[in-house]
Structure formats: structure tokens, C-alpha cells
Amino acid sequence: MAYNHQEIEKKWQQYWREHKTFKAENKFDLPKYYVLDMFPYPSGAGLHVGHPLGYIASDIYARYKRHQGFNVLHPMGYDAYGLPAEQYAIQTGTHPEITTEKNIKRYRQQLDQIGFSFDWDREVRTSDPAYYKWTQWTFIQLFKSWYNKKTDKAEPLTELVKQFETAGNAGVEAACDEVETFTAGQWNQMEEKQQQEILMHYRLAYLSETMVNWCPALGTVLANDEVKEGLSERGGHPVERKLMKQWSLRITAYAQRLLDGLEKVDWPDSMKEMQRNWIGRSEGASLSFQLAGASAALGGIEVFTTRPDTLFGATFMVLAPEHALIEKITTPEYKKEVDAYVQWAKNRSERERMTEVKKVTGKFTGAYAVNPLTGKNVPVWVADYVLSGYGTGAIMAVPAHDSRDFAFARHFKLPIIQVVAAENEAVTDTEQWDESYDAKEGILINSGFLNGLSVKKAIRAAIDKLEELKIGTGKINYRLRDAIFSRQRYWGEPFPIYYKEGLPYPLPEEELPLKLPEVDKYLPTETGEPPLARAKNWKTKDGYPLETNTMPGFAGSSAYYLRYMDPHNDKEYFSKEANRYWRNVDLYIGGDEHAAGHLIYSRFWNKFLFDLGLACEDEPFQKLINQGKIQGRSSFVYRIQGTNRFVSYNLRKQHKTQALYVDINMVDNDVLDTEAFKKWLPEFANAEFILEDGKYICGHEVEKMSKSKHNVQNPDELIEKYGADTLRLYEMFLGPIEQDKPWDIKGIEGVFRFLKKLWRLYFSDEDKWQVTADRATEAERKVLHKTIKKIRGDIERFSFNTGVSAFMICVNELSDLKCHKREILEPLAVLLEPYAPHLAEELWQLLGHAGSISRVDFPEYEEKYLKEDSFAYPVSFNGKMRFKLELPVNMPKEEVEKAVLSAEEAQRWLDGKTVRKVIVVPGRIVNVVAG
RNA sequence: GCCUGAGUGGUGGAAUUGGUAGACACGUUGGACUUAAAAUCCAAUGAGCAUUGCGCUCGUGCGGGUUCAAGUCCCGCCUCAGGUACCA
């Protein structure tokens, strides 16, 4: 019987399905292990070879853990809400659910073909009402909660209301918007509307008028992480800033905990660093500059600074164009100019603003504020280099020590005062400076009571002074913004919210799920309302209108890993028992593009559920691995301009050519199948070729896989030809899992050859079973045990590529030894199972076992078989390896030295030289220093 | 600009703790088997020099350093990839 991968793979996939081999029971007495893949969005294009990379790695690990007696939770599901299905619906009228369902079927079929050990009984889909019921439920809990800074956790809003009723809000420390202080008496006299408005400032899911990223092309608002360089991540459309009433999640309340939690998870440093940057903690002070002159009655301008020590050098102030005070403080003679500037700044796209950062623009408002430490008046400017979204949207400018302030000051000829000097350096005239001195260290000068202090001490002293004067305080600021949670889209979770007299209220929990309604068109209404406004009777049973926005993509993906623990529970999100058992994800594999999105939202969502007492771990993903991307490898042909003649790669420079993409399926080892090419497209039917060495050689380039580049490799054909086991091994063999790498099918043959060679250990050339019961030799045992040790080590450190080569070495050596012994070949089949499960199952059965191999104990290696009596010492002279010398392993250092120096080969290297030193590292190396 | 990661043969990559650089595989070349092809097997394959053989020199992005010994550690650069950006 030859190695028939098609038959074997079909057979075992069916067996696994019928026997539910990989079903994970909630068996609480077994040790658990939770291996998770980031679930996919089922796109219409199906899987390409890049998708399964991470799934194969996690599958190997999951299978390995099963062999060690762990109860392994290894589920899969679908992030089913997404823009492509909705865009398709807009174009064709096909309900996104139909498109999604179809795509999921295809995904499932492709996933099954690769032989993953998923427990499909636990599948979830974010668009399934039974699933999104809990997404909606969580939203309601967020709506009903506030963040208590005293206990540092989310708490029910009812408790907060009780405090308001008895003591007002003065003693409350909450993560909230600016709220005026009120007493219990005032609270109790407020009307409901007013009370609700105040509570909205405390809720963790809140409705507010905020500046959002509006994407006109997609007709929706986007979260910050969905915008890259001023363009939408999906589709690359321009994004504008717009003031809109939107739902947001108060993720900022969790900023510090999100930061602290990174300390205890096992993630790549780059990933932690990206999250730290995204959260963007900075320590400093918040303080107020009193307005001067006519505006004095308006109070002060709040600013945040990380350098309160430089306050004596603050020579002007700048407000963001959106700042509310501008209108009030601008003096009549500057009003026209300032208005025009503000208008201009607001109309600039985000992209323009970002690309023109070097251009200095701004206007003087005519107003002055008082520097609280110098007592001097400083002019107040408006400029768009100050962002409304960070800090207070206003800054104190210290041009001597901040490059942006410096550029601004130079441009508008504002005074520059040095207040920090490097130690032992002469102070120079700031007029002569070419750039600011952005010093984090140094000694304070020109700064009154701060003079002579180091920067670090001066910061402390300045904050103390501000607090004493009651004009400022030490403050920690975060770059992280609250997550905008409304989307003006159809294909998403409806909010479980209705409006009564304009105020939002949650639906009763027993009415969940609130199902996505049918609409006649997947477009906004004529009046610009979101698509759900088209739904008939989009009201509660009492007739109150329901929210028409839907939730964003990250809503459903933020806690799916928890739902897998107990996916069919219709009473609660998941049972306490299930959660106490599975706890959190032990190993999470997915792409690093989710660093600032999904992985932050999930951590936030999980922490909130932790605060509610639902999740028992406050970090959801203990270990994280980012699989690298598989890049495409495009092939090119070179058409001589204006002709239908194509010139081979190395001859192309002799002509004026144009490079055209050519389908990689017609190219083998850079050689074009010219006949296939002629048949490819009608325009190439009469193509002529200028060959080199009788072949047409294509050019190539590594770039993203995409249809238009004709470089997409779909796994189906490869599985058909070589089988899933070969594909699995080959994807792992390509290189380290976390590294990006170009896809190239050159080399898959080698892996296929390896499996056939392995098969021939069990079957003779005449296709006869040839496994014998003979005792294995020392050499054979050594090969086996060396391999066991290597494979175990490699899986444990996620080095799957070296694992594959270890198998190759093992099979090469056993073939050389002509080993066909059960004693060796049976453990080898188990060893191989995580990587090539179909083949391993087949061999296991042929070896006479009933049932699946998947839970058989993983082989242990025994050190005694690896012991060597002698070792071939590499002998170096002055660090260069010259020859090898076989010596007993237990030979003492002194004797090794003697043996080396008296060896015949040593003489020519010692000729005429004196031995200065001999280094002997037993069992490793000998180095002779001579000269 | 800042942060992170990476640079090793024609190619993908290996070298786990400072100890034989290039494992394993692809590709290439030559050979065996075959009427032929496929499949399979064997041999060679970092570069340069030398060649009858044993061989010699150089070599892990560049320049320094530490060490008996550096792909690996330290200092200074260069290039590429990703993230991020008037974040005060």
C-alpha cells in the first residue's frame, strides 16, 4: 500500500467527526489547558495559506497537551459581523446573514480539510442571537455601572445613587466626566431628566456629544484603532473629525489596570510595548492660568504639563482650535482672524493635518493669562498643533525646552526664556539657538525658588508650590481615549436601549436578545439616520423608539473566549463552575495587528466582568504568540512595450519592457508554463516568447497576498495534491512561527518526500507491512530517544520548524539503519501525531490498535539511551578549529590536554610555537593558545 | 522623530547557556535505475585560492571592543519591516 493521503485523511476526518474525538467535556477533575486561536472573519475569498499558520501551531500544541493527559479546550468560531458582507448587501440586496452563512460553510469545509482538532460543539458566531444576547447583556451591565476609584473597580450605579441621595457627590471619587458638585438635598430635588443626565457622566457605557472619526465613504463612525494615518483601516477612506452624539465605553477608567496587567502576562515585548504606548501614561501636573484683563471674570485656563518645573519659562499659551474658551476670550480686533483660522483648522482633514505637521500656523486671540509663578502676563494663542483630544486641549508653551513651542515662538517672534541648563555648560543667548533644549536632566535657572534644583527635584517642588497656592495638583494623564461604540451600520448587534422622552433606558434583561430587524435597504435613511431606522416597528412593546445605531466589530469579539467555556448556557453568560475550571486562555495565537484593538478591548471587557464577579481571572490571555504573516510571492513576465512579445527575466534589460503580474499557478521554480500562459487570457493567445536557455524565467517580488497580484495560494489545491499532513508540516517548516515569511511552494515537495520516506519505514518497496517485533539496537534507540527529547523541547518552546527537521533527521537515520521495528516505530507514530495527525492515526491502527491515537501517552525519553562513551572533541588552535579527536567522555581535563598536545595532527600546528594555555571544556571543546 | 523587531550561502532557515557557523530542506550539478519519463536512490554544493592528495585564506549588515573563544556580550553606525506621532 503506497502512502495514499487522500484516502487516509478523508477516513480520519470522518472518524473524528463521528466519534467527537476532540470534544472537551467540562470534567472538573482533570487538569485543564485552554488553547485559543483568534477567530476569523469569514470573508468571501475563503482561506489562503496564510490563515492556517497560527491554527496549525495551536493545533500541534493542543494535541501535544492531550497526549499529556490535559483536558484541552480548543474551540473555534466566527467573528461574523463585518463590513464586507454589508457592503455586498448594499450593492446586491443580499442579506448579510446569507452571505455570512455561505462563507462560514466554506470556511468550515476548508478548516476540516486541514485536520484541526477543534471541538466544534462549542462553536460560536457573533451574529447568532443566542450569542449576542450576552453581548447586549454586558452592554446593559456597563450602562448600569460606574467606576469607583476608591475601591478601584466597577460598581452598580444603584449604589452611587444611594450615595447621592444621602451625601451628594462631593465624597465620590469616580472615573467620570466633569460634574459639578451637588448636595444630597439638591439631588433629591432634581427632576428625573436632570438626574439621568448627571448619571450619564458616570456610566461605563454612556451617551455623549463627542468629537468622532467620521468616515463618509463607509457612512459610519470609527474608533481610534480603526483609523490608520488618517484613513479608515477597512478600505482606506478619508476620515473627518465630527461632533456627534454617540455611545462610548469608559475604557479610560481601566487605563492603569490595563497597564499594570501587562506585568503579569507572558506576551511578546513588542506587543506589551504597543499597548503601553497606546495607553500612553504620562505623569505631570494639572494647573490653571488665570485670565487677565477683560476676561478675568471667566476664570482660568486649565493645562496639563509633564514639566511643571519649566513654568518660569512659559511665555505664552496655546489653545486647540476646538477649545470652548476661544469664543469667549478673543478680543474684538482679533475676532475676524481667529474665527477664520478656527474655521480653516476644523475643515482640514485629519490626513492633511498629519502630513503638514511641519507647517506652523496659529493666531493670537488678543487675550492674556497670568503665569502663576512669575506673575507676568502671557499672550493666549490658538493653533492646531495643540490637540483638543489630549489633556485639556490647552498648553502652557515653554519654547526654550519644547521643540514644537520653539518652532512656534520663532515663527511668531515670541519670547524664549531658558530655565534649564546642562550642568557645567555655559548659558547662551536663546536668540542664537537653532533648536530647543528638550532636556530631561539639568539644573534650573531663571526660575526663582526653583533655581539650582535638578529637573527631578524641581518637578516635585513646583507641584508642591502649585498645591500650596491651590492652583494645581500632580496629575497622571493617559493618551487612551474612551472607545466610541456606535456604528451607523446595519450588520451588527442592536443596542438593547430605548428612548423615553429623549432619555436612554436599557431593555429589561428578560427581553434579550433584541434581534436585528429586517430592513428594505441596507442604507441610511433619506434623513441620514442609520439603516435600523428603516425597520418597521423598531419600538418597544410600549411604543418607545429603539436605538438605531449598532455595535462595532469589537463588541462580539471581546469576550468570546469566555462564552466557549459554556457556549450553550441560555440562563447566564457562562456558569461559575465552567469559568472557575477553565479560568482563562493559557495559549492565545493570533496576529499582531490586534494589539491596539481587540487585545485591549478584550482585556477591558474581561476586567469589567471580573469586577462583576463573573470572570475569575482579571487577565484573559496568559500567553500570547503572534504568528507572522505569510506574504505573497508574485511572479512577473516582461512584455516588450507595444508588442505581444515577452522577454525572459535576465534578458529584459535589452528591451523596453513592462512588468505584468502572472498567476503563480503557471510558474514553477520561476519557469513560466508558456502554454498555460497563452490559454490564461485571450490577449495572450498569440504571445511570443524570447527565452533564455530554452526557458522563460519570471521575475518575482515578495508582497502582500492579493487577488489583483495573482499571487494568492489557496490551500485546497495543495491539500488535494500533497495532503493536509504535508501542508501542516510545510507551513511549520517555513520558519519560526512568529516571523513574517514569503510563501513559496518550492520545498513542499521535500516535506512530501519526507512523509513518503517515513511511510517506507513501515511498508516495504513492494508495499508490504514490514514492522517487526525484533529488539531494537542501541543505535536505533539512540535515534528514537534523541528525537523524543528534541520534539518535546521544540514543542514546548514553540519551535515547530526545528521540530519538523528533527523528524526528518530521525527518519533519515532510521532509514540508513534499515529499522523496521515496532519498538521504535510505534513511539515515533505518537510523536508525529501533533504535526501529521491523519498519518499517525493510520499507522497507529495498522500497528494493531483500536481507537484514536490522540490521547495515547506522549513518549518519554530516557537519558541512558543517549549516553555516549566517547566524544569527538573539536580541537582549536587560537580559536580556529583544526581537527577532531575522539576521546572518552569521562577523561579528566589534564589527560585530555595531554592527549591533544601529543596527537599527531597537533604537531603541525605547534611547530615552532610555544603552548601558552590550553582550555578544556569537558564534552565540548579544546582550545590551544600557542604563539 | 520616537518605540519594537530583524539583517547568516543562490533560497527558506539551524546553531536552546559565549564553545565545531551554515543542521534540515529547496534549488543547482553530476551519477545510478529505466527503451523513455515519472518516482526513487547515491554524490557534490558558502566564497576565493590551490589541486594529485592531505590543503590554505576569507566569511553571520558595517566599524570598534571584551574574551582562550563572539552569529551570540558591550559601544558606535547602516539598512529593512512593523507600530506610533505636533500626546504637552
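Proteins get letters first, then strands, A, B, ... in listed order; numbering begins at 1 in each. Side chains are part of it too, since the values below use all heavy atoms of this structure and drop only hydrogens, waters and symmetry mates.
- With B:C87, B:C41, B:C3 as the candidates, the nucleotide lying closest to the side chain of A:Glu273 is B:C3.
- No contact: A:Pro742 has no heavy atom under 4.0 Å from any strand.
- Between A:Tyr730 and A:Tyr722, a ring centre-to-centre spacing not shorter than 6.0 Å is recorded.
- A:Lys789 comes within 4.0 angstrom of nothing in the nucleic acid, heavy atoms only.
- Here A:Lys228 lies in heavy-atom contact (under 4.0 Å) with sugar-phosphate atoms only.
- Across all strands, A:Val386 comes closer than 4.0 Å to base atoms (heavy-atom distances).
- At a threshold of 4.0 angstrom between heavy atoms, the contacts of A:Arg481 with the nucleic acid are absent.
- Distance from the side chain of A:Asn801 is smallest for B:G13 among the nucleotides B:U84, B:C87, B:G13.
- A:Arg633 comes within 4.0 angstrom of nothing in the nucleic acid, heavy atoms only.
- Nucleotide B:G82 is matched to B:C3 when pairs are restricted to Watson-Crick or G-U wobble geometry with both distances under 3.5 angstrom.
- In this structure, of B:A25, B:U4, B:G13, it is B:G13 that holds the atom nearest to the side chain of A:Lys741.
- Counting non-hydrogen atoms under 4.0 angstrom, A:Val921 reaches a base of the nucleic acid.
- Taking atom P in both B:G13 and B:G18, one finds a spacing of 24 Å when rounded to whole Å.
- Nucleic acid contact for A:Ile395: base, since at least one base atom lies under 4.0 Å from a heavy atom of the residue.
- Distance from the side chain of A:Asn812 is smallest to B:C24 among B:A88, B:C26, B:C24.
- Nearest to the side-chain atoms of A:Val929 among the listed nucleotides B:G19, B:C58, B:C68 stands B:C68.
- At the heavy-atom level, A:Gln739 lies under 4.0 Å from the strands shown only through sugar-phosphate atoms.
- When heavy atoms are screened at a 4.0 angstrom cut-off, A:Leu387 is found touching base atoms of the nucleic acid.
- Checking B:C3, B:C86, B:U20 against every side-chain atom of A:Pro874, the shortest atom distance belongs to B:U20.
- With no hydrogens or angles considered, a side-chain donor-acceptor pair links A:Arg281 and A:Gln256 at under 3.5 Å.
- The side chain of A:Tyr390 approaches B:A88 more closely than any other nucleotide in the set B:A88, B:C24, B:G13.
- Where A:Ser799 and A:Arg404 meet RNA chain B, the nucleotide closest to each residue was compared, and A:Ser799 sits on the side nearer the 5' end.
- Here the side chain of A:Lys884 is nearest to one of B:A88, B:U20, B:G13, namely B:U20.
- Comparing the same atom, P, in B:G46 and in B:A21 gives a spacing of 14 Å after rounding to whole Å.
- When heavy atoms are screened at a 4.0 angstrom cut-off, A:Arg797 is found touching base atoms of the nucleic acid.
- Where A:Val227 and A:Met396 meet RNA chain B, the nucleotide closest to each residue was compared, and A:Val227 sits on the side nearer the 5' end.
- Here A:Tyr478 and A:Trp278 keep their ring centres 6.0 angstrom or further from each other.
- At a threshold of 4.0 angstrom between heavy atoms, the contacts of A:Ser805 include nucleobase atoms, whether or not backbone atoms are also involved.
- A:Tyr873 and A:Phe871 have their aromatic ring centers within a separation under 6.0 angstrom.
- When each of A:Arg633, A:Gln631, A:Lys629, A:Met705 is paired with A:Trp743, the side-chain contact (heavy atoms from CB on, under 4.5 Å) condition holds for A:Met705 and for no other.
- Contacts of A:Asn477 with the nucleic acid, taken as non-hydrogen atoms under 4.0 Å apart, are absent.
- Residue contacts shown for A:Asp402 are absent, as no nucleic acid heavy atom lies under 4.0 Å away.
- Electrostatic pairing of A:Lys782 and A:Glu868 counts as a salt bridge here, judged by a charged N lying under 4.0 Å from a carboxylate O.
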